[in-house]
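Here is the structure we will look at, set down as structure tokens.
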Amino acid sequence: MTPNRHGSAVVTFPDDLEIVITREFDAPIALVFDVLTKPEHVSKWFAPFTCEVTECSIDLRVGGSYHIVFVTDDGTECSFRGTYLEVEPPTRTVQTWLFEGWPDAHAVESTDLHETDGVTKLTNKLAFRDKAGRAHMTKSDGTEDSFDKMEDLLRSLLDPRGTVSRY
Amino acid sequence: MGLVRCRAEGRRRLYSLEPARLRPLHEWLAKYEQAWNERLDRVEDYLKELQQQGEQQ
């Protein structure tokens, strides 16, 4: 039995509009693909532990749509939907992505799988149509801090002339 | 925002970073990374469960 890889997902922000997550699994690519795309499997892992998946329909073909809903323990409904743009089992799907709580945050999500020696690597990329969309993903809970602001801070590190505070 | 501090010393300007200013970014990143980690850990556990079932059959 292989040890688990818990906590090994890597999140990166390659540019202003994208969020990329990578993670490896000790399982063959065909099984990982099924688990990521078949409703009877997706409903097992999609929602956090304290939430219940109440809807999980996936029509896995180009032009087909998916709709996944889970309800949090305080009764909030979280609904995700989109349409498949590319379906290439077992290596790749591309689909539009919309969280109904943020109707202006349109994104295209691509899911790529690659197997090497029995280990399947997942690369999941969310590419937002505009910066305002991605900012939704990057807001800290309950504060106005957004990743855009943080980005500006980081830029200011690279170019200290604009932000030097003298004392 | 004062990520960088500048101190004059004669004709020289000494710059230093204020790492505490980056804390909100670190905190947010940690939270986001954790949410994704938890989801993908569930995927892994579920994959293991399926594989074990497959071996038993």
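A note on names: the letters A, B, ... follow the listed sequences, proteins ahead of strands, and every chain is numbered from 1.
With a threshold of 4.5 angstrom between heavy atoms, B:Glu38 does not approach chain A through any atom at all.
No side-chain heavy atom of A:Phe25 sits under 4.5 Å from any side-chain heavy atom of A:Val119. Within the 4.5 Å cutoff, the side chain of A:Ser8 has no heavy atoms near those of the A:Glu24 side chain.
Under the 30°/60° scheme for interplanar angles, the aromatic rings of A:Trp102 and A:Phe99 are found to stand perpendicular.
Near-neighbour residues of residues 30-48 of chain A relative to chain B, defined by a heavy atom under 4.5 Å from a heavy atom of that chain, comprise A:Leu31, A:Val32, A:Val35, A:Leu36, A:Glu40, A:His41, A:Lys44, A:Trp45, A:Phe46, A:Ala47, A:Pro48. Among the residues in residues 52-84 of chain A, none has a non-hydrogen atom closer than 4.5 angstrom to a non-hydrogen atom of chain B.
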Run A:Thr123 and A:Asp112 through side chain to side chain donor-acceptor pair (under 3.5 Å) and show every step you take. CA-CA 5 Å; A:Thr123 303; A:Asp112 285 281; over 6 Å; no
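Through chains of ILVMFWY side-chain contacts below 4.5 Å, A:Leu85 is grouped with A:Val94, A:Val108. Cluster partners of A:Val20, using a side-chain heavy-atom cutoff of under 4.5 Å among ILVMFWY residues and allowing indirect links: none.
There is a side-chain donor-acceptor pair under 3.5 Å between B:Asp45 and A:His6.
Interatomic distance, A:Thr12 OG1 to A:Lys125 NZ, rounded to the nearest 0.5 Å: 10.5 Å.
Salt-bridge check for A:Lys121 with A:Glu115: failed, with every basic side-chain N at 4.0 Å or more from each acidic carboxylate O. For the pair B:Arg42 and B:Glu44, the salt-bridge criterion is not met [side-chain N within less than 4.0 Å of a carboxylate O].
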